[in-house]
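Here is the structure we will look at, set down as structure tokens.
Everything numeric here is computed off the predicted structure, so don't read it as measured data.
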Amino acid sequence: EEFINMEAGIKWDFENGLSWTAAVFELEKSSPETDRDDAAAVAIVESTIYGFETQVQGQLTKDWSISAGYSYLDGEVEDQDPVVDGNRPRELPKHMFSLWNRYQLTERLGLGLGFIYYDEVFIDTGNDTKLPSYHRVDAAAYYKLSENLSLQLNIENLTDELYFPNAHADHQATVG
């Protein structure tokens with residue numbers, strides 16, 4: 001895969017330990033993918049992706065920290081084949097959102113809770129098949145055993161939602 005990326009961004013650090021970042025970008029991508037007409041062959045797909053992302057992170061209080069982010073992505077496939085030229089690149093969500101909270105209960109014990117949203121995506125460059133949008137709730141517990149040793153337990157998909165984070169072909173989606 002080859003990438004050419006142009007990006008411009010800003011960062012603002014607030015006095016109380018919070019920071020805000022934002023960026024706009026354009027990414028030219030050239031990547032090998034399974035050929036639409038011959039599953040045994042590989043085709044090079046050229047695409048341009050552009051978007052905007054923003055994030056707030058840091059301490060809300062002495063014991064409570066957050067990280068929240070949003071991304072807007074758009075793009076198009078650039079191909080000599082009129083069937084796919086101008087289509088949305090595969091597995092490119094239009095909107096993504098995440099929020100993570102961590103609260104320090106005691107000097108040694110902390111808990112985390114987070115939420116992510118991932119918009120629907122096309123599985124193929126022909127834009128024939130989609131994976132549905134999904135959301136997920138995650139949790140974590142942190143325990144500091146000593147200055148140099150900590151334990152962490154992560155629980156992904158706390159609400160046991162059925163979701164499909166990606167696909168290798170229109171008949172082979174990964175189950176989350």
Side-chain angles (χ1 to χ4, degrees), residues 3 5 7 9-25 27 29 31 33 47 49-75 88-125 127-176:
F3 300 91
N5 187 44
E7 183 172 352
I10 60 173
K11 181 177 181 183
W12 184 3
D13 290 326
F14 299 97
E15 287 183 32
N16 61 355
L18 283 174
S19 67
W20 171 70
T21 59
V24 293
F25 59 88
L27 173 72
K29 178 181 172 185
S31 60
E33 294 183 10
S47 57
I49 299 165
Y50 50 92
F52 167 79
E53 57 189 10
T54 186
Q55 183 177 29
V56 173
Q57 65 180 13
Q59 296 293 132
L60 289 177
T61 69
K62 178 177 129 325
D63 295 323
W64 181 19
S65 63
I66 66 154
S67 176
Y70 169 76
S71 296
Y72 170 81
L73 304 169
D74 204 354
R88 189 169 185 85
R90 64 185 297 277
E91 296 191 14
L92 181 68
K94 186 170 269 193
H95 304 280
M96 292 186 303
F97 173 77
S98 66
L99 173 64
W100 183 256
N101 290 276
R102 178 176 172 158
Y103 192 81
Q104 200 65 36
L105 293 171
T106 69
E107 190 175 303
R108 292 182 179 251
L109 179 64
L111 299 176
L113 185 65
F115 173 84
I116 65 166
Y117 170 79
Y118 199 86
D119 211 354
E120 67 184 9
V121 298
F122 287 106
I123 292 175
D124 61 349
T125 55
N127 290 176
D128 299 318
T129 310
K130 290 182 182 179
L131 292 178
S133 63
Y134 69 88
H135 65 277
R136 194 179 77 208
V137 176
D138 300 335
Y142 315 90
Y143 190 79
K144 187 174 183 178
L145 294 169
S146 69
E147 189 65 33
N148 298 319
L149 184 62
S150 297
L151 293 177
Q152 180 173 331
L153 171 67
N154 294 334
I155 301 173
E156 191 174 282
N157 196 11
L158 189 63
T159 57
D160 197 28
E161 294 293 320
L162 176 64
Y163 69 99
F164 305 93
N166 60 4
H168 305 287
D170 34 336
H171 65 281
Q172 190 180 29
T174 302
V175 178

Over all atoms of both residues, closest heavy-atom pair of [X] and [Y]:
{"X": "Lys130", "Y": "Glu120", "value": "NZ-OE2, 3.0 Å"}
{"X": "Val121", "Y": "Pro93", "value": "CG1-N, 3.3 Å"}
{"X": "Trp20", "Y": "Val56", "value": "CD1-CG2, 3.7 Å"}
{"X": "Ala173", "Y": "Phe164", "value": "CB-CD2, 4.1 Å"}
{"X": "Gly75", "Y": "Leu92", "value": "N-CD2, 3.9 Å"}
{"X": "Asn157", "Y": "Tyr163", "value": "ND2-CE2, 3.5 Å"}

Donor-acceptor pair, distance only, cut-off 3.5 Å: does the side chain of [X] make one with the backbone of [Y]?
{"X": "Asn127", "Y": "Phe122", "answer": "no"}
{"X": "Glu91", "Y": "Ala167", "answer": "yes"}
{"X": "Thr54", "Y": "Thr21", "answer": "yes"}

If the test is side chain to side chain donor-acceptor pair (under 3.5 Å), which one of Ser71, Ser67, Ser98 qualifies with Gln55?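 When Ser71, Ser67, Ser98 are each tested with Gln55, the side chain to side chain donor-acceptor pair (under 3.5 Å) holds only for Ser67.
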Does the side chain of [Y] come within less than 4.5 Å of [X]'s, by heavy atoms?
{"X": "Gln59", "Y": "Ser65", "result": "yes"}
{"X": "Leu60", "Y": "Leu18", "result": "yes"}
{"X": "Asp124", "Y": "Arg90", "result": "no"}
{"X": "His95", "Y": "Tyr72", "result": "yes"}
{"X": "Phe25", "Y": "Leu73", "result": "yes"}
{"X": "Tyr143", "Y": "Leu153", "result": "no"}
{"X": "Thr159", "Y": "Arg136", "result": "no"}

Let's go through Glu53 and Met96 carefully: what are the C-alpha distance in whole Å and the side-chain angles of both, what is the deciding distance for side chain to side chain contact (heavy atoms under 4.5 Å, CB included) to 0.1 Å, and is it a yes or a no? CA-CA 9 Å; Glu53 57 189 10; Met96 292 186 303; over 6 Å; no
Between [atom1] of [X] and [atom2] of [Y], what distance do you get to the nearest 0.5 Å?
{"X": "Asp119", "Y": "Phe97", "atom1": "CG", "atom2": "CZ", "answer": "13.5 Å"}
{"X": "Gln104", "Y": "Tyr142", "atom1": "CD", "atom2": "OH", "answer": "9.5 Å"}
{"X": "Asp138", "Y": "Leu158", "atom1": "CG", "atom2": "CG", "answer": "8.0 Å"}
{"X": "Leu113", "Y": "Ile66", "atom1": "CG", "atom2": "CD1", "answer": "13.0 Å"}
{"X": "Leu151", "Y": "Leu109", "atom1": "CG", "atom2": "CG", "answer": "11.0 Å"}
{"X": "Asn5", "Y": "Lys29", "atom1": "CG", "atom2": "NZ", "answer": "12.5 Å"}

Do the ring centers of Tyr134 and Tyr118 come within less than 6.0 Å of each other?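 When the ring centroids of Tyr134 and Tyr118 are compared, they turn out to be within the sub-6.0 Å range.
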Run the side chain to side chain donor-acceptor pair (under 3.5 Å) check on Asn166 and Thr174 step by step: do they pass? CA-CA 6 Å; Asn166 60 4; Thr174 302; 2.8 Å; yes
Just do the side chain to side chain donor-acceptor pair (under 3.5 Å) check on Gln152 and Asn154 with the steps written out, would you? CA-CA 7 Å; Gln152 180 173 331; Asn154 294 334; 2.8 Å; yes
